[in-house]
Every structure is written in C-alpha cells, then in structure tokens.
Protein chains: 2
Amino acid sequence: MEQPRDMASKLSEQGYRLTPQRLMILSAIDNSDNHISADEIYAQIVAKYPNVNISTVYRTLELLKRLGLVTETDLGEGRVRYHPAVKGHHHHLLCQGCGAIIDLDEPLLASLKNTLLREYNFLPDLRHLAILGRCLKCS
Amino acid sequence: MEQPRDMASKLSEQGYRLTPQRLMILSAIDNSDNHISADEIYAQIVAKYPNVNISTVYRTLELLKRLGLVTETDLGEGRVRYHPAVKGHHHHLLCQGCGAIIDLDEPLLASLKNTLLREYNFLPDLRHLAILGRCLKCS
DNA sequence: CTTGTATTTGCAACCAGTTTCAATAAAAAT
DNA sequence: ATTTTTATTGAAACTGGTTGCAAATACAAG
C-alpha cells in the first residue's frame with residue numbers, strides 16, 4: 001500500500017521530474033482518506049513551504065489526471081475533489097433537493113459502458129462519476 | 001412553436017417578474033439554434049442595452065435551470081452551454097483525445113435511469129448529459 | 001394613478017481554476 | 001565540474017461564474 005511512491009515512480013517512468021512540490025502534492029492526496037480538494041492540498045503544503053504556488057497544485061493535479069493516477073469528482077459544491085485512482089472507482093448519486101450523497105456500485109455502469117463501446121465505438125471514462133438528480137423524498 | 005412566450009408565461013405563473021432583461025435573455029436562448037453560452041447571450045443583449053449586467057444573465061439562467069425550462073451541458077470547453085428544455089433532450093459523447101462530439105440517442109440512457117430508480121430510489125437528471133471518454137481512434 | 005413592498009438589478013468584490021511568461025532547477029551533455 | 005537543454009515553477013493577469021448589498025423597479029393593492 002505504498003501509494004505516493006507508486007505514483008511517484010509512475011511519474012518518473014514517464015519522464016516527468018520528481019520535484020519536491022510534486023512529491024508533497026502526491027503525499028497529500030494519498031494521506032487523505034476521503035476526497036481532497038485543491039485548496040486543501042495547497043493549505044497543507046503552504047503551512048510548511050509558504051512559497052509554493054497554488055497554480056503548481058492545479059498543474060500537478062491536471063498531470064495526474066491525464067496519466068490516470070487520480071480521478072476527479074464534482075459533487076456540486078463549487079469545487080472539484082480528487083482521489084487516487086488505485087484506491088478504487090466508485091460513483092455518487094447527488095440529490096439536488098437535500099444534498100444527500102448516495103454511493104453507487106461500480107458494476108452498475110458496466111452495461112452502459114459496454115453499450116457505448118459496442119454501438120458507438122466509444123470508450124467512456126466512467127471512473128468516479130457523479131450523477132445529479134433527486135432522491136425519493138425530494139422528487 | 002412560440003417558445004419565448006411559453007417560457008415567459010411559465011415564469012410569471014410561478015410568480016417571477018417579467019423584467020425586460022429576462023425577456024431579452026429568453027428570446028436569445030430561444031433564437032439560437034444550437035446551444036448558447038452565457039457570454040453569447042450577454043453579448044447579444046449588451047449590444048442594444050449596454051447597462052445590462054452579466055450577473056443578471058447568470059442569475060436568470062440559474063432560475064430557468066431550476067424551473068426546468070433550460071438544460072445545461074458542459075462540453076469541456078471551459079464554459080457551459082444552454083438549451084431550451086422543450087426543444088428536446090439529447091446527449092453527447094465527448095472524445096478527450098480528438099475533441100470529436102458524437103450525438104447519442106435519448107433512449108440509450110433509459111435503462112440506466114430505470115435501474116437507478118428501482119434499486120436506489122433515485123430519479124437521475126439525465127437530460128442533456130455529456131459523457132467524457134475516448135473514441136476508437138484515440139483509445 | 002399613486003403608493004407600498006418584495007423581487008430584481010447593477011456594481012464591485014470575490015472564488016475556483018487557467019494561462020502567459022520570465023526565472024529557476026533538474027537532468028543530460030561536455 | 002561546468003555548461004546546455006528542457007521541464008517546471010512562481011507571480012500576476014485573466015476567465016467563467018457567484019455573491020452581498022444598496023438602489024431601482026415590477027406588480028399588487030388602494
């Protein structure tokens with residue numbers, strides 16, 4: 001379960017530099033149990049190294065996303081949250097009425113995925129999806 | 001097919017005021033064939049009435065969304081586009097590799113919708129969804 | 001046709017995230 | 001060890017969108 005090293009080695013395998021900033025960002029992501037936001041990562045780092053810039057955090061997250069090392073979820077709170085890809089994929093149903101978040105099993109979307117692949121030659125990225133709508137009480 | 005009047009009357013039925021700003025926004029949305037962005041609506045209006053403010057456009061779009069009169073799609077271009085709800089629902093597959101946009105049939109998501117309703121008591125809002133991923137060439 | 005009032009607007013400040021560009025630092029070449 | 005190349009960073013400006021608040025106005029009641 002040595003995630004930060006794992007992500008770090010994947011970065012360097014692909015020719016990206018292992019800068020102190022990147023390593024700090026990786027361990028912040030990995031040490032957070034739940035989903036972490038860019039702000040939270042930044043706040044954690046800036047406490048020790050005040051000259052690190054928020055745009056570096058965003059750029060690194062962008063890179064990690066592109067390499068498939070983290071996934072992103074928009075839970076409708078006006079900011080996006082990040083999660084290490086290796087810790088598993090999952091989905092959320094987000095009620096627009098009461099704000100409830102219902103976790104969703106991964107395989108539920110498998111059939112949609114297959115259909116899109118078969119009928120549209122399209123490989124959807126359904127890791128960590130948030131579907132908006134309304135729960136029974138609110139609809 | 002008298003859309004703006006239709007949306008306008010729904011607004012006033014619900015007790016919302018029919019201000020000139022709102023009427024201009026409604027007709028801008030309705031006159032655009034394709035999906036229109038907040039900027040585009042604003043640019044159209046400000047050309048005739050320079051003192052109208054962009055935040056009014058955003059506030060009105062928010063309201064129309066809440067009342068289900070327009071739907072919103074994020075095609076990954078860094079801004080969101082709007083579409084009158086009565087003009088029909090449709091979905092897009094958006095390739096992250098080449099940027100291709102594949103239109104998707106409405107009923108395809110019906111089975112997902114039913115499953116979520118049956119197994120999770122959740123009524124998803126799947127009008128005008130954009131699914132990110134990769135087309136065959138790019139994957 | 002005025003008056004009262006709650007809704008709506010414009011403005012300015014703000015927020016999350018992105019971009020440009022010159023300065024810096026890691027790794028490669030000498 | 002020094003230089004060169006190239007990736008990365010910090011700073012500042014910018015983008016799309018939101019929010020708080022005082023001023024304005026649509027509409028209902030008199």
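Letters A, B, ... mirror the listed sequences (proteins, then strands); counts begin at 1. Just so we're clear, the structure is a prediction, and the values are computed from it rather than from any experiment. Computed from heavy atoms alone, side chains included, the values below leave out hydrogens, waters and symmetry copies.
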Rounded distance in Å - [atom1] ([X]) to [atom2] ([N]):
{"X": "A:Leu11", "N": "C:dA27", "atom1": "CG", "atom2": "P", "value": "12 Å"}
{"X": "A:Lys65", "N": "C:dG17", "atom1": "NZ", "atom2": "C1'", "value": "10 Å"}
{"X": "B:Arg79", "N": "C:dT18", "atom1": "CZ", "atom2": "P", "value": "15 Å"}
{"X": "A:Ile54", "N": "D:dT8", "atom1": "CD1", "atom2": "P", "value": "19 Å"}
{"X": "B:Asp39", "N": "D:dC14", "atom1": "CG", "atom2": "C1'", "value": "13 Å"}
{"X": "B:Asn51", "N": "D:dA23", "atom1": "CG", "atom2": "P", "value": "18 Å"}
{"X": "A:Leu61", "N": "D:dT9", "atom1": "CG", "atom2": "C1'", "value": "15 Å"}
{"X": "B:Asp74", "N": "C:dA16", "atom1": "CG", "atom2": "P", "value": "18 Å"}

Can a side chain N or O of [X] be found less than 4.0 Å away from OP1 or OP2 on [N]?
{"X": "B:Gln21", "N": "C:dG10", "answer": "yes"}
{"X": "A:Arg59", "N": "D:dT8", "answer": "no"}
{"X": "A:Thr56", "N": "D:dG10", "answer": "yes"}
{"X": "B:Tyr58", "N": "D:dG17", "answer": "yes"}
{"X": "B:Ser55", "N": "C:dC11", "answer": "no"}

inquiry  = Which is more 5' along DNA chain C, the nucleotide nearest A:Asn53 or the one nearest A:Tyr16? Just name the residue.
reply    =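 Upstream on the strand: A:Asn53.
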request  = Please round to the nearest 0.5 Å and tell me the distance separating atom CD1 of B:Ile131 and atom CG of B:Leu109.
outcome  =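 So the gap between those two atoms works out to 5.5 Å.
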inquiry  = To the closest 0.5 Å, what do you measure between OG1 (A:Thr73) and CG (A:Leu129)?
reply    =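 A:Thr73 atom OG1 to A:Leu129 atom CG measures 8.5 Å (nearest 0.5 Å).
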task = Check every strand shown and say whether B:Leu18 touches a base, only sugar-phosphate, or nothing at a heavy-atom separation below 4.0 Å.
result =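 Result for B:Leu18 = sugar-phosphate.
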inquiry  = Does A:Gly78 reach a base, just sugar-phosphate, or nothing at all? Heavy atoms under 4.0 Å.
reply    =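 The residue A:Gly78 makes sugar-phosphate contact but no base contact.
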message = By nearest atom, which of the nucleotides D:dT18, D:dG17, C:dG17 is closest to the B:Glu62 side chain?
response =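 Minimum distance to the B:Glu62 side chain belongs to D:dT18.
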message = Of the options C:dT9, C:dA16, C:dC11, whose atoms approach the side-chain atoms of B:Thr19 most closely?
response =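 Of all the options, the side chain of B:Thr19 is nearest to C:dT9.
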message = Counting distance alone, no hydrogens or angles: does the base of C:dT8 have a donor or acceptor under 3.5 Å from a partner atom on the side chain of B:Arg17?
response =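 No, no donor-acceptor pair under 3.5 Å.
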key: Output field: ring centroids B:His91/B:His128 closer than 6.0 Å   =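 Ring-ring flag for B:His91/B:His128: false, centres at least 6.0 Å apart.
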inquiry  = Main chain of A:Thr60, side chain of A:Lys65: is a donor-acceptor contact present, judged purely on distance under 3.5 Å?
reply    =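 No; zero donor-acceptor contacts below 3.5 Å.
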key: Of B:Glu72, B:Glu40, B:His35, the residue whose pairing with B:Arg81 passes side chain to side chain donor-acceptor pair (under 3.5 Å)   =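 Going through B:Glu72, B:Glu40, B:His35 one by one, the side chain to side chain donor-acceptor pair (under 3.5 Å) with B:Arg81 is satisfied by B:Glu40 alone.
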